[in-house]
Amino acid sequence: MYSIYQKINQQIEMVIKNAIDKAVENGQLVEIDLPQIMIEKPREEAFGDFSTNIAMQIVKQAKKAPRQIAEVIVQNINKEGTFINKVSVAGPGFINFYLDNEWLYETLSLIDERKEKYGEVNIGKGSKVMVEFVSANPTGPLHMGNARGGALGDCIASVLEKSGYDVTREFYVNDAGNQMEKFGISLEARYLQQLNGEESIEFPEDGYQGEDIIDHAKDYINEYGSALLQKTSEERRKALIDYALPKNIKRIHDGLVRYGIYYDCWFKESSLYASEIDETMNILKERGYLVEKEGAIWLDGEKAGLEKDEVLIRQNGFPTYMAADIAYHRNKFLKRGFDTVINLWGADHHGHVARMKAAMEAIGVSKDRLHIVLFQLVNLYQNGEIRKMSKRSGRAISLDDLLDEVGVDAARFFFNMKTSGSHLDFDMDLAVEQSNNNPVFYVQYAHARICNIIKKLQEENIERISSDEVNLTLLVQPEELNLIKRLAAYPEEITMSAQTLEPSRLTHYVMNVAADFHSFYNACRVRGEQEDLLQARLFLVYCTKTVIKNVLDLLRIDAPERM
RNA sequence: GUGCCUGUAGCUCAGCAGGAUAGAGCAACGGCCUUCUAAGCCGUGGGUCAGGGGUUCGAAUCCCUUCAGGCACGCCA
């Protein structure tokens, strides 16, 4: 058993089913084809700990008023052997369950038993999932979009790991195709400009404008001089790409490591060019998805269910990005056997979603196995204004600049505070503020306070006792019970985050744990209390520490012992 | 023009597999430290859930429509 909620849901479901069966036997209800019994937490505390709307759902079948059905069910409920203490009917026909505090004390025992595993669930049942994220173009530095996608993708992967999936994190290195051509042309132009003067060659219109391209040219010249001037353009570009590309990839890799992101695999687009793109094209051809026209090869839009045809092989014989991407996804699903693939893309790529899903069907993979998480772009705010440039370099703010200014913890937390679909305003002043306004500090402070209580007690030679010895029934204050209720919900939060692919639930959750703890801290003392109560509260404090630490570890954010 | 995303308190956002009187934080105002860290807590005020229509016993949530903002519609990626 991983979650008290699971147990309670089972109990309530059983109790309801039995009650309805009994009511049918008594002739109080007609035979009913029972729908899934929904159990939820009422918003108002007065409505009990859990409730169900089952009476309202079977109105049509039972041919009675919902309240009447609810009354009948309640009359026939046998709550023996469950946590249920009281049942009532309320509102339009809700059945509310009031639980004995025993479920909360059992929650604490469960946390104590599961420790760092508390919160883990097994909805994935070991199925293989790939999360592909960031996959930044290796033609330049990481930007804010990559920063958000990185925090989001990494945490989605972590949430899935905690949910029983076999997760692989992957970075797709776009080291081939048209993009590399442009990279080479841009490097060459900067190289020639450095040696022959700005005016010697016009910088190509669609080249990469970034300052880092100039830096690469300068660095190359410093190391290897001007020998490339004597070479052909093709040789020159190749030499410059061979020089700059590994540097860029390493820089991206190191930046992401600093950010706390570790990939299982760096997959190179160029590796698809040996045979896999051809193989994929053959499959599409055999399945009748290709049309030839205007000297190019297209994906048949009509057959694939798309608005228009899409070029896969250009007139010049080179595959498009999409052709490579289809081959890449064929590799993910059919060569490496992932059951599910999750891709994180900036919202500006949303037009590609339908195309890729259609392409999956075209190669015989159900489109439902491909999930695309789109995230909106980021605005950095400072002093109430949008910040575009780094003060130090005068260039667009890179991930490294952001980490220099606000640190890893704040960046990872802030990027996971909003759902992926919402636009994100990143308040850089708030991110470095050391106050309760800053959610990162608020949560970390709760953890540090807990550690301090433990440390202070240890200085008095007071250590916690085991779950067998402690008398948890002494925990009856509202602040204590609220805190435990919050801790009980953690496995459910993981489940929901995994199902919705929204780790932002967890930042909100851990903020609420911290808030409930701070309230407890102000209302109840641990040190100096009579021994039984002290031990019960200390047990609660340890459990709270475990949960906060587990969430922060999942988010890969530091949980400091002192602040 | 077509398609996708967003619209909830002054601000930033939760809630959106339909459920009870729509929530949190910030900002504003008023309290709480001789006791484990006040980087904290407690309290007060604040709403046409963008507008309109529909489905339903019940809609912020689902459907249609209008409006506003963003994005995409390349032999770019």
Side-chain angles (χ1 to χ4, degrees), chain A residues 36 38 40 42-44 46-47 51-53 56-57 59-60 65-67 90-94 96 135 137 139 174 177-179 181-182 206 269 294-298 307-308 310-325 345-355 374-377 381 417-425 427 430 433-439 441-442 444-446 448-457 459-460 479 496 499-500 504-505 507-508 511-512 514-515 517-529 534 537-538 541 562-563:
Chain A
Q36 175 71 35
M38 306 282 288
E40 49 189 16
R43 197 176 27 243
E44 292 287 327
F47 296 141
S51 74
T52 179
N53 61 352
M56 282 115 93
Q57 287 194 315
V59 164
K60 283 217 173 92
R67 271 200 77 106
F94 289 99
N96 293 334
S135 298
N137 291 335
T139 54
N174 299 119
N178 208 35
Q179 180 155 269
E181 293 290 311
K182 271 162 60 176
D206 60 345
E269 180 184 357
E294 299 160 28
I297 301 175
W298 306 64
E307 285 177 13
K308 55 188 178 61
E310 298 291 337
V311 176
L312 295 181
I313 306 293
R314 299 189 184 93
Q315 257 180 3
N316 63 14
F318 289 113
T320 60
Y321 166 85
M322 188 173 170
D325 219 14
W345 293 348
D348 52 339
H349 289 75
H350 75 254
H352 197 48
V353 175
R355 290 199 287 271
L374 296 173
F375 55 91
Q376 297 291 333
L377 302 182
Y381 276 83
M417 284 205 310
K418 307 287 161 66
T419 54
S420 53
S422 68
H423 296 266
L424 178 67
D425 292 330
D427 185 338
L430 181 59
E433 202 172 302
Q434 306 214 341
S435 78
N436 61 343
N437 295 347
N438 183 343
F441 276 81
Y442 184 79
Q444 291 181 324
Y445 181 51
R449 263 185 159 174
I450 288 170
C451 292
N452 196 53
I453 293 173
I454 293 167
K455 184 170 142 255
K456 278 272 157 57
L457 288 171
E459 285 166 9
E460 298 167 19
E479 289 83 1
M496 291 292 287
Q499 284 170 344
T500 58
S504 60
R505 285 190 78 92
T507 51
H508 288 113
M511 284 161 72
N512 285 326
F517 173 74
H518 287 309
S519 295
F520 160 78
Y521 183 92
N522 274 272
C524 307
R525 297 194 57 77
V526 183
R527 264 181 82 207
E529 292 291 347
L534 182 150
R537 285 183 175 163
L538 182 57
V541 163
R562 221 178 338 175
M563 288 172 76

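None of these values were measured; they are calculated from a predicted model. Just so it is clear: chains get the letters A, B, ... in the order the sequence lines come, proteins before strands, and each one is counted from 1.
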Distance-only, no hydrogens or angles: does the [X] side chain make a donor-acceptor pair with backbone N or O of [Y] under 3.5 Å?
X: A:Asn438; Y: A:Leu430; value: yes
X: A:Arg537; Y: A:Arg525; value: yes
X: A:Thr320; Y: A:Ile313; value: no
X: A:Gln315; Y: A:Glu294; value: yes

[atom1] gap between [N] and [M], integer Å:
N: B:C63; M: B:G25; atom1: P; result: 32 Å
N: B:C57; M: B:G52; atom1: C1'; result: 24 Å
N: B:C62; M: B:U8; atom1: P; result: 16 Å
N: B:U21; M: B:A59; atom1: C1'; result: 16 Å
N: B:G69; M: B:A20; atom1: P; result: 34 Å
N: B:A50; M: B:C67; atom1: C1'; result: 8 Å
N: B:U66; M: B:U2; atom1: P; result: 9 Å
N: B:A9; M: B:G45; atom1: C1'; result: 11 Å

Is there a Watson-Crick or G-U wobble partner for [N] with both distances under 3.5 Å, and if so, which one is it?
N: B:U61; result: none
N: B:C36; result: none
N: B:G45; result: none
N: B:A72; result: B:U2
N: B:A24; result: B:U12
N: B:C67; result: B:G7

Note to self: Would A:Lys308 and A:Glu310 count as a salt bridge (charged side-chain N to carboxylate O under 4.0 Å, His left out) here? Give the steps.
What the structure shows: CA-CA 7 Å; A:Lys308 55 188 178 61; A:Glu310 298 291 337; 3.2 Å; yes
Quick one: label [X] by what it contacts on the DNA or RNA (base, sugar-phosphate, nothing), any heavy atom closer than 4.0 Å.
X: A:Val59; result: nothing
X: A:Gly421; result: sugar-phosphate
X: A:Ala448; result: base
X: A:Arg505; result: nothing
X: A:Tyr442; result: sugar-phosphate
X: A:Cys524; result: base

Check: Is NZ or CZ of A:Arg449 both nearer than 6.0 Å to the six-membered ring centre of A:Tyr521 and within 45° of the ring axis?
Finding: yes
Notebook entry, point to check: What's the base orientation of B:C64: syn (chi within 90° of 0) or anti?
Noted result: anti
Margin query: Just N and O in the side chain of A:Ser422: are any of them under 4.0 Å from OP1 or OP2 of B:A14?
Written below: yes
Margin query: For B:C13 and A:Thr419 - does any side-chain N or O of the residue sit under 4.0 Å from the phosphate oxygens OP1/OP2?
Written below: no
Check: Taking the side chain as C-beta and beyond, is there a heavy-atom pair between A:Tyr321 and A:Asn174 under 4.5 Å?
Finding: yes
Note to self: I'd like to compare against my own output: the B/S/- annotation of nucleotides 72-77 of chain B with a strict under-4.0 Å heavy-atom distance to protein.
What the structure shows: SSSBSB
Checklist line | salt bridge (charged side-chain N to carboxylate O under 4.0 Å, His left out) partners of residues 312-321 of chain A, not counting sequence neighbours, each pair once | finding: none
What nitrogen or oxygen pairs link the protein and nucleotides 20-25 of chain B at under 3.5 Å?
from  : atom 1 : to      : atom 2 : distance (Å)
B:A20 : OP2    : A:Arg43 : NH1    : 3.3
B:A20 : OP2    : A:Arg43 : NH2    : 2.8
B:A20 : N6     : A:Ser51 : OG     : 3.2
B:A20 : N6     : A:Asn96 : OD1    : 2.9
B:A20 : N1     : A:Asn96 : OD1    : 3.2
B:A20 : N1     : A:Asn96 : ND2    : 3.1

